[in-house]
Amino acid sequence: MGSEKTSQRWVALARDTNETKIQLALNLDGGEFPADTDSRLLASVAEGHASQSSKSQTISVNTGIGFLDHMLHALAKHSGWSLALACKGDLHIDDHHTAEDCCLALGYAFASALGSASGLARFGSAYAPLDEALSRAVVDLSNRPYSVVELGLRRERIGDLSCEMIPHCLQSFAQAARVTLHVDCLRGENDHHRAESAFKALAVAIRQATTRIPGKEGEVPSTKGTLSV
């Protein structure tokens, strides 16, 4: 028997509103982007501080909010994704629409690229430290959007990103990705470290949950027999 060809888990999309204009390409397994990725997005891949390219991944994030770029870069890197994301948002108002919409777009792209959870681990959990900070993340590819995020941030802002938006970004991702996630920072004195360890823990948990399980191809990881309803 020949083995089935592994399907590509990738997507390219645009999300345009009166508040933000977003272009995004995502490959959950790293490597190249879809053929229909906007050429302007590909041309900007090498630009910006949140850019990185290796033999297994290409990452470029430019939201206009430096700390958000940093967090999404870490999320992509440790999830094993290739990710290109560019956003032009109404930052003259504040950071809310840009941060929220980028994470909604990313969540929707994740769900679109993932497709069915058949044959996948479904659950993932991880701890990630950053110096004195330690965070835990638990993920379920449940198709039931839910999130509990407790980061204990004390500052008003980190760079140009308001701290109230950091848990909201994770909540927005969970909503659009249709996943259940619990993310907690367990300890830490530095809010930059607390936030970054949380995104890294989430990345490792997502990578675990989306892992294909050999021999389980086509099997739905649920006693209900479906995760579609």
Side-chain angles (χ1 to χ4, degrees), residues 8-16 19-91 95 97-110 112-114 126 128 130-131 133 135 137 157-162 165-166 169-170 172-173 176-177 190-207 210:
Q8 295 279 12
R9 301 192 294 181
W10 62 11
V11 70
L13 60 82
R15 184 184 191 274
D16 289 356
E19 298 167 343
T20 57
K21 312 259 183 234
I22 298 170
Q23 295 174 317
L24 189 155
L26 174 67
N27 187 332
L28 297 182
D29 301 301
E32 62 186 5
F33 294 116
D36 60 345
T37 302
D38 191 294
S39 59
R40 293 168 296 176
L41 184 60
L42 293 176
S44 68
V45 160
E47 299 175 2
H49 63 278
S51 298
Q52 186 174 15
S53 184
S54 69
K55 64 182 180 181
S56 63
Q57 287 176 276
T58 299
I59 301 168
S60 178
V61 183
N62 187 359
T63 67
I65 305 172
F67 191 71
L68 180 60
D69 294 352
H70 184 39
M71 294 300 95
L72 296 182
H73 184 186
L75 180 64
K77 178 64 179 177
H78 298 290
S79 294
W81 301 343
S82 282
L83 171 66
L85 188 158
C87 176
K88 298 291 185 183
D90 56 2
L91 292 174
D95 60 344
H97 297 145
T98 295
E100 179 181 63
D101 287 4
C102 284
C103 292
L104 287 171
L106 181 58
Y108 179 76
F110 175 88
S112 299
L114 186 69
L130 179 53
D131 296 344
S135 291
R157 309 179 72 82
I158 304 177
D160 291 326
L161 182 62
S162 50
M165 288 306 300
I166 296 174
C169 282
L170 297 177
S172 297
F173 173 80
N190 183 291
D191 277 357
H192 183 134
H193 290 175
R194 293 179 72 94
E196 187 171 346
S197 68
F199 274 81
K200 288 177 175 177
L202 176 59
V204 178
I206 287 174
R207 189 168 191 168
T210 57

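Values in this document were obtained by computation on a predicted structure and should not be read as measured data. In this chain, numbering begins with 1 at the start of the sequence shown.
A heavy-atom distance below 4.5 Å is not found between the side chains of Asp160 and Asp95. Between Leu24 and Leu83 there is a side-chain heavy-atom pair separated by less than 4.5 Å. At a threshold of 4.5 Å between non-hydrogen side-chain atoms, the residues Ile166 and Met71 do not count as touching. For the pair Val11/Tyr108, no side-chain contact is recorded, criterion being any heavy-atom separation below 4.5 Å from C-beta on. The shortest side-chain heavy-atom distance between Val45 and Ser53 does not fall under the 4.5 Å cut-off. Taking the side chain as every heavy atom from C-beta outward, Arg9 and Thr210 approach each other to under 4.5 Å.
Put simply, the side chain of Ser82 gets close to the backbone of Thr58: a donor and an acceptor are under 3.5 Å apart. Judged purely by atom type and a 3.5 angstrom limit, Glu100 has no side-chain atom pairing as donor or acceptor with the backbone of Ser172. The backbone N or O of Arg194 lies less than 3.5 Å from a partner atom in the side chain of Ser197, making a donor-acceptor pair. The backbone N or O of Trp10 lies less than 3.5 Å from no partner atom in the side chain of Asn27, so there is not a single donor-acceptor pair. At least one donor-acceptor pair closer than 3.5 Å links the side chain of Gln57 to the backbone N or O of Trp81. Panel note: side chain Asp69, backbone Thr63; a donor-acceptor pair is recorded below 3.5 Å.
Considering all non-hydrogen atoms of both residues, Ala99 and Met165 come closest at CB-CE, 3.9 Å. Between Leu170 and Leu202 the shortest heavy-atom distance is CD2-CD2, 3.6 Å. Annotation for Asp16 and Lys21: closest pair OD1-CA, 3.7 Å, computed over non-hydrogen atoms. Heavy atoms only, all atoms of each residue included: Asp38 and Gln23 are closest at OD2-NE2, 3.2 Å. The minimum heavy-atom distance linking Ala176 with Leu104 is given by the pair CB-O, 3.2 Å. The two residues His192 and Ile158 have their closest heavy-atom pair at N-CD1, 3.9 Å.
Atoms CG and CD, on Asn190 and Glu196 in that order, are 9.5 Å from each other to the nearest 0.5 Å. Taken from CG in Leu106 to CD1 in Ile22, the straight-line distance is 9.5 Å, to the nearest 0.5 Å. Note that CD1 of Ile206 is 4.0 Å distant from CZ of Phe173, once rounded to the nearest 0.5 Å. In this structure, CG in Leu85 is found 12.0 Å from CD1 in Ile59, a value given to the nearest 0.5 Å. In this structure, CG on Asn62 lies 6.0 Å from NZ on Lys88, to the nearest 0.5 angstrom. Taking CG from Leu75 and NZ from Lys200, the interatomic distance works out to 12.0 Å, rounded to the nearest 0.5 Å.
The neighbour count for Phe33 CZ, taken as heavy atoms of other residues, nucleotides or ligands under 6.0 Å away, is above 12.
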